[in-house]
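Accompanying notes for the structure given below.
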Amino acid sequence: MAKVFKKSNALINEYKAYKRKIRNCWLYSFIAAVVISAVSYFGKIYILFAAVALPIFVSLFLTTFYGRKLKILAAGIEGEQNSARLISRLPEDFCGFQNVKVTFKGKTSETDLIVIGPTGIFIIEVKNLNGTVIGNYESAKWTQHKVGRGGTPYSKKFYSPVKQVGTHIYRLANHLRQNGIRQYVNGCVFFANPECRLQINDTPDKIPVFGSSDELIRYIISGEKVLNGNEIKQIGDFLKKG
């Protein structure tokens with residue numbers, strides 16, 4: 001079983017922060033409701049109703065807004081958990097790094113997953129989207145089609161994960177080279193949600209897209225062996241520091 005190293009708990013910390021915000025909103029609404037009841041009891045509801053009711057509506061609005069943010073963060077956390085499970089399926093001479101920030105020429109990439117093993121270095125962009133994803137290798141934008149909770153279909157554009165990985169590869173390869181590590185960096189995209197259907201309309205280029213963890217595992221372990229144990233440790237130690 002391969003080891004997993006996580007550089008930060010940013011998503012979890014942000015998720016907890018929004019949970020606290022929602023809890024505070026409900027607490028504020030409860031206090032405001034108690035105040036309204038008290039004022040109403042003394043017959044002065046018309047004087048202070050506007051001053052107290054407005055915060056309640058604001059709290060309810062913020063709760064809805066924070067709830068949407070919470071859902072997005074929960075999807076991100078689930079994607080990270082899928083990544084960890086994926087790494088655990090690799091042989092023990094591989095290791096994986098989550099949430100590594102790579103800086104080159106003053107610009108930073110935050111990678112989802114970097115895997116190092118005998119077959120090389122792999123940057124994996126993990127997406128946890130559901131519905132149908134349509135894209136091609138040349139387009140800057142891809143499209144997600146899905147059905148909302150109310151049964152209403154809608155579409156959403158998002159930046160091409162293939163181009164995103166291309167940028168990550170460029171920065172990591174150069175970052176390593178600047179520190180005396182000259183190794184080729186591979187890249188791929190993994191749609192981890194089993195409810196996602198992919199429609200990629202071009203012939204795969206050097207950055208393949210996978211919707212199956214089995215295919216991704218085969219891609220990582222089936223390549224030519226290019227790194228020995230000392231090199232894997234050297235690169236891994238460097239990423240831990242970064």
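Contact between Phe190 and Ile124 at its shortest, heavy atoms only, is CB-CG2, 3.9 Å. When all heavy atoms of Val126 and Ala192 are compared, the closest pair comes out as CG1-CB, 4.0 Å. Here the shortest heavy-atom pairing between Gly96 and Ile87 reads CA-CD1, 3.7 Å. Residue Pro208 comes nearest to Gly187 through the heavy atom pair CD-O, 3.4 Å, listed as atom of the first residue, atom of the second, then distance. Contact between Glu125 and Pro161 at its shortest, heavy atoms only, is CG-CB, 4.2 Å. Annotation for Asp93 and Pro118: closest pair OD2-CG, 3.3 Å, computed over non-hydrogen atoms.
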Check against side-chain contact (heavy atoms from CB on, under 4.5 Å), Arg182 and Leu176: CA-CA 7 Å; Arg182 296 182 174 272; Leu176 292 173; over 6 Å; no

Go through the steps for Val115 and Leu90 under the test side-chain contact (heavy atoms from CB on, under 4.5 Å), then give the verdict. CA-CA 10 Å; Val115 170; Leu90 291 167; 3.8 Å; yes

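A salt bridge links Asp214 to Arg89: at least one charged side-chain nitrogen sits closer than 4.0 Å to a carboxylate oxygen.
In terms of the ring-ring contact (aromatic ring centres under 6.0 Å, His included) criterion, residue partners of Phe210 (sequence neighbours excluded) are, by chain and number, Tyr219. Annotation: side chain to side chain donor-acceptor pair (under 3.5 Å) contacts of Arg218 (sequence neighbours excluded): none. Remark: Thr103 engages Thr108 in a side-chain contact (heavy atoms from CB on, under 4.5 Å) (not counting sequence neighbours). Every side chain to side chain donor-acceptor pair (under 3.5 Å) that Ser139 has, sequence neighbours left out, goes to Asn136. Residues passing the salt bridge (Lys or Arg N to Asp or Glu O under 4.0 Å) test with Lys233 are Asp237, sequence neighbours excluded. With sequence neighbours left out, Ser109 forms a side chain to side chain donor-acceptor pair (under 3.5 Å) with His168, Arg171. For Asn230, the side-chain contact (heavy atoms from CB on, under 4.5 Å) criterion is met by Asn228, not counting sequence neighbours. For Lys19, there are no side chain to side chain donor-acceptor pair (under 3.5 Å) partners at least two apart in sequence or on another chain. Partners of Arg23 according to the side-chain contact (heavy atoms from CB on, under 4.5 Å) rule, which considers only residues two or more places apart in sequence or in another chain, are Arg20. For Tyr184, the side-chain contact (heavy atoms from CB on, under 4.5 Å) partners are Asn186, Lys206, not counting sequence neighbours.
With rounding to the nearest 0.5 angstrom, the OG atom of Ser160 is 9.5 Å from the CD atom of Glu138. The OH atom of Tyr154 lies 12.0 Å from the NE2 atom of His145; values are rounded to the nearest 0.5 Å. Here Leu216 contributes atom CG and Phe191 contributes atom CZ; the two are 12.5 Å apart, rounded to the nearest 0.5 Å. Remark: Asp112 CG to Phe97 CZ distance equals 15.5 Å, nearest 0.5 Å. Rounding to the nearest 0.5 angstrom, the gap separating the OG atom in Ser222 from the CD atom in Glu215 is 11.5 Å. Rounding to the nearest 0.5 Å gives a distance of 10.0 Å between CD of Gln183 and CZ of Arg177.
Asn193 is not listed as a side-chain neighbour of Leu129, based on a closest heavy-atom distance of 4.5 Å or more. Residues Ile200 and Trp142 meet the side-chain proximity criterion, which asks for heavy atoms closer than 4.5 Å. No side-chain heavy atom of Thr143 sits under 4.5 Å from any side-chain heavy atom of Val133. Ile116 places none of its side-chain heavy atoms less than 4.5 Å from the side chain of Phe122. Counting heavy atoms from C-beta on, the side chains of Thr132 and Lys146 never come closer than 4.5 Å. Side-chain contact between Val165 and Cys188: absent, with no pair of heavy atoms (C-beta onward) separated by less than 4.5 Å.
The main-chain N or O of Lys157 is never found under 3.5 Å from a side-chain atom of Gln144 such that the two would form a donor-acceptor pair. The backbone N or O of Val100 lies less than 3.5 Å from a partner atom in the side chain of Thr111, making a donor-acceptor pair. The backbone N or O of Ile220 lies less than 3.5 Å from a partner atom in the side chain of Thr119, making a donor-acceptor pair.
Crowding of Glu224 atom CD: a count of heavy atoms from other residues, nucleotides or ligands under 6.0 Å not exceeding 12. For Lys69, the NZ atom sits in a loose shell: 12 or fewer heavy atoms of surrounding residues, nucleotides or ligands are nearer than 6.0 Å.
Residue pairs meeting the salt bridge (Lys or Arg N to Asp or Glu O under 4.0 Å) criterion with at least one partner in residues 185-201, sequence neighbours excluded, do not occur; the list is empty.
Hydrophobic clustering (side-chain heavy atoms under 4.5 Å, transitive across Ile, Leu, Val, Met, Phe, Trp, Tyr) groups Ile123 together with Val226. Hydrophobic clustering of Ile, Leu, Val, Met, Phe, Trp and Tyr side chains at less than 4.5 Å, counting indirect connections, keeps Tyr159 apart from Ile134.
Using bins of under 30°, 30° to 60° and over 60° for the plane-to-plane angle, the ring pair Phe238/His175 lands in the tilted bin.
The only member of Ile169, Ile114, Leu239 that meets side chain to side chain contact (heavy atoms under 4.5 Å, CB included) when paired with Ile121 is Ile114.
In this structure, Tyr170 belongs to a hydrophobic cluster whose other members, linked by side-chain heavy atoms under 4.5 Å apart, are Phe104.
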